[in-house]
Number of protein chains: 2
Amino acid sequence: MENVRELFQIMTRRFGFLNKNCCSAGGCDISLVQSHILYEIDHQHKPSVQQVAEALGTDITTFSRQIQSLIKMNLVKKTPVPDDRRVHVLSLTTEGKYVAATIDQQMNAYLGEVFSHMNDFEKETVIRSVKLLNEAMAKSSLCCTTPIG
Amino acid sequence: MENVRELFQIMTRRFGFLNKNCCSAGGCDISLVQSHILYEIDHQHKPSVQQVAEALGTDITTFSRQIQSLIKMNLVKKTPVPDDRRVHVLSLTTEGKYVAATIDQQMNAYLGEVFSHMNDFEKETVIRSVKLLNEAMAKSSLCCTTPIG
DNA sequence: TATTATACTTGCATATTGCAATTAATTCGG
DNA sequence: CCGAATTAATTGCAATATGCAAGTATAATA
């Protein structure tokens, strides 16, 4: 059997390209990291700064600054928690939600285009496989450990 | 059906984590980009500076400097071509080959661990799916365009 | 031979990153 | 209840990475 790593190396690189392109929306350009942040804030329930940073595996100090940029761009809102005023929860502004939704659509369109080169059976197989892969990585102790999914 | 993008977002992020961890070998620490460069030089036949840069989608000036680092680390060799002395081909040094092989082993070990959470049928399905995905992305005009694979 | 094109490198200005230290708020031990 | 230790988040700073514009060297073309 051929080198498994080879297959995954190519795949991840290609997705890197895809992500690079897919990140401008609503007038403002969004970097890849920024799109991941928007995604994560959108999918967690009132997450704190730390929670999102950890989910993304980003250093907390770096993340703090990334959030500052997104706040300046008026895409993210930071609210102190009354119970514990050290903690600040993050949420998307209306504009942030719009941008996140737009990126989501774009990515789905790109993926749709990729899948258009397969038949329905292959497409279903691939989607099921990605799901399997995610589950397996979630179980893995060696790597890939993220609280999400 | 659930959001396809969501599945791929999680997957690519997890692979990002995996890659982050998997890149120290033979005493020296290797960054993610550097590991991709080593991989690519190893898999192309006497590639020029430009060819590798393009394969990786990196700006040529940035790439030039990345290669300089790798040469300093004694992992890569740059040789001018006699026929056309503007062109320089890249190759791995003995140490570079060793490091590339080590990273390859590490990555395969990680992937093996991930696959250990599946049965054989699932594993084969997933590998076949990744292959399908690579082929589809190669065909895609919208994105992911790379000379490789 | 002069112009144009190509392959690669450097200058500079900007952006990203992470460690160490700081601030502010909370919890714990006596 | 007060001071020490803990936690969440931010800033200082230094190192690294990035890309555009310009430069150098070689080759192709007219």
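Chain identifiers are assigned alphabetically (A, B, ...) following the order of the sequence lines, protein sequences preceding nucleic acid strands; residue numbering begins at 1 within each chain.
Between A:Q9 and B:H43, the side chains place no donor N or O within less than 3.5 Å of an acceptor N or O (distance only, hydrogens not considered).
With sequence neighbours left out, the ring-ring contact (aromatic ring centres under 6.0 Å, His included) criterion links B:F63 to no other residue. Residues forming a side chain to side chain contact (heavy atoms under 4.5 Å, CB included) with B:D120 (at least two apart in sequence, or on another chain): none. Here B:T61 pairs with B:D59 under the side-chain hydrogen bond (donor to acceptor under 3.5 Å, both in side chains) rule; sequence neighbours left out. Residues forming a side-chain hydrogen bond (donor to acceptor under 3.5 Å, both in side chains) with A:R128 (at least two apart in sequence, or on another chain): none. With sequence neighbours left out, the side chain to side chain contact (heavy atoms under 4.5 Å, CB included) criterion links A:S48 to A:Q50, A:Q51, A:V87.
Following rounding to the nearest Å, B:L32 (CG) and C:dT17 (P) show an atom-to-atom distance of 13 Å. Nucleotide D:dA17 holds its C1' atom 14 Å from the CG atom of B:L70, rounded to whole Å. Between A:D59 atom CG and D:dA14 atom P there is a gap of 18 Å when expressed in whole angstrom units. Rounded to an integer number of Å, the gap from B:Q34 CD to D:dA17 C1' is 11 Å. Taking atom CD1 of residue B:I37 and atom P of nucleotide D:dA17, one finds them 10 Å apart after rounding to whole Å. Atom CD of B:E54 is separated from atom C1' of C:dA7 by 13 Å (rounded to the nearest Å).
Of the candidate nucleotides C:dT26, C:dG18, D:dT18, D:dT18 has the atom lying nearest to any side-chain atom of B:Q66.
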Checklist entry - With the sugar-phosphate defined as primed atoms, P, OP1 and OP2, and the base as all remaining atoms, what B/S/- string results for nucleotides 6-11 of chain D, 5' to 3', for protein heavy atoms under 4.0 Å? => result BBSSBB
